[in-house]
Amino acid sequence: MSVFEKTINAFKECDINALENLHHEDFIYVSDYSFSDRADHLAGLKVFIQDTDWHHKTICVHEDAYTLVMRTEHIDENGDVVVSNNISQIKDGQYYRTMTVSSDLE
């Protein structure tokens, strides 16, 4: 099973332990001008996973043994479509570095 499939399944089942197992011990997450380590990122996911439909809206743009690119869209409070690109480096079958960039569709 691919990292993408494992991620989607973990979200479907609200399985934070599965998500923990998918994150390398040296994991770092970057979003805009901030970053978090593995513990902080997983703490955020533990809350996020409880009440989200992210996994229903997310597509795999590209995946190989080293890279995973996912994309999702949502409507913001102003009615604009926001596209979020999640680009991850994979190491030993786990997320190693992840960067998320969101932007309005114009």
Side-chain angles (χ1 to χ4, degrees):
M1 186 180 303
S2 71
V3 172
F4 177 75
E5 291 168 325
K6 290 177 184 177
T7 301
I8 296 302
N9 285 339
F11 269 84
K12 283 180 184 176
E13 298 170 11
C14 292
D15 188 349
I16 193 66
N17 291 326
L19 286 175
E20 287 177 3
N21 292 332
L22 281 170
H23 287 76
H24 193 277
E25 65 183 25
D26 295 325
F27 174 81
I28 294 176
Y29 176 73
V30 178
S31 178
D32 295 321
Y33 299 104
S34 64
F35 72 94
S36 58
D37 63 12
R38 182 180 188 271
D40 289 342
H41 182 68
L42 289 170
L45 283 179
K46 189 173 186 176
V47 174
F48 181 67
I49 199 172
Q50 298 303 315
D51 187 32
T52 185
D53 63 350
W54 174 88
H55 53 285
H56 294 295
K57 301 184 290 185
T58 301
I59 62 168
C60 178
V61 175
H62 171 81
E63 183 173 12
D64 60 31
Y66 311 101
T67 309
L68 172 59
V69 180
M70 298 181 285
R71 181 170 297 140
T72 189
E73 297 179 5
H74 72 274
I75 308 295
D76 70 8
E77 63 279 353
N78 298 320
D80 296 323
V81 177
V82 178
V83 176
S84 180
N85 291 294
N86 181 300
I87 301 103
S88 297
Q89 291 178 312
I90 304 299
K91 184 175 181 179
D92 301 326
Q94 296 175 304
Y95 291 105
Y96 183 64
R97 300 287 186 263
T98 297
M99 179 175 67
T100 301
V101 177
S102 297
S103 58
D104 292 345
L105 274 181
E106 296 186 29

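Residues R97 and V30 are not in side-chain contact: their nearest non-hydrogen atoms beyond the backbone lie 4.5 Å or more apart. You'll find the side chain of K6 stays beyond 4.5 Å of the side chain of N21, heavy atoms only. For the pair I75 and V81, the minimum side-chain heavy-atom distance is below 4.5 Å.
Between F27 and Y29, the ring planes lie parallel to each other; the angle is under 30°, not in the 30° to 60° tilted range. Ring geometry for W54 versus F48: interplanar angle over 60°, hence perpendicular rather than tilted (30 to 60°).
The environment of K46 atom NZ is sparse: at most 12 non-hydrogen atoms of other residues, nucleotides or ligands sit within 6.0 angstrom. Under a cut-off of 6.0 angstrom, the local environment of CG in D53 is crowded, with over 12 non-hydrogen atoms contributed by other residues, nucleotides or ligands.
We find the NZ-OG1 distance between K57 and T52 to be 6.5 Å, quoted to the nearest 0.5 Å. Atom OG1 of T7 is separated from atom CG of L68 by 6.5 Å, given to the nearest 0.5 angstrom. Interatomic distance, I90 CD1 to Y96 OH, rounded to the nearest 0.5 Å: 12.5 Å. Rounding to the nearest 0.5 angstrom, the gap separating the CZ atom in F11 from the CD1 atom in I16 is 7.5 Å. Taking CD of E25 as the start and CG of D37 as the end, the distance is 12.5 Å to the nearest 0.5 Å. If you take CD1 on I87 and OG1 on T67, they are separated by 10.0 Å, rounding to the nearest 0.5 Å.
V69 and Y95 fall into different hydrophobic clusters, defined by Ile, Leu, Val, Met, Phe, Trp and Tyr side-chain heavy atoms under 4.5 Å apart, directly or through other members. Hydrophobic clustering (ILVMFWY, side-chain heavy atoms < 4.5 Å, transitive): M70 and I28 are in distinct clusters.
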Residues S88, N86; criterion side-chain hydrogen bond (donor to acceptor under 3.5 Å, both in side chains); working and verdict | CA-CA 7 Å; S88 297; N86 181 300; 3.2 Å; yes

K91/D26 under side-chain contact (heavy atoms from CB on, under 4.5 Å): CA gap, chis, key distance, verdict | CA-CA 10 Å; K91 184 175 181 179; D26 295 325; 5.6 Å; no

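The two residues T100 and S84 make their nearest non-hydrogen contact at CG2-OG, 3.3 Å. For the residue pair S102 and V82, the shortest heavy atom distance occurs at CB-CG1, 3.9 Å.
Looking at E20, its side chain never comes within 3.5 Å of a backbone N or O of L42 through a donor-acceptor pair. For R38 (side chain) and H23 (main-chain N/O), a donor-acceptor pair under 3.5 Å exists by modelled atom type.
A donor-acceptor contact closer than 3.5 angstrom is absent between the side chains of H74 and D76.
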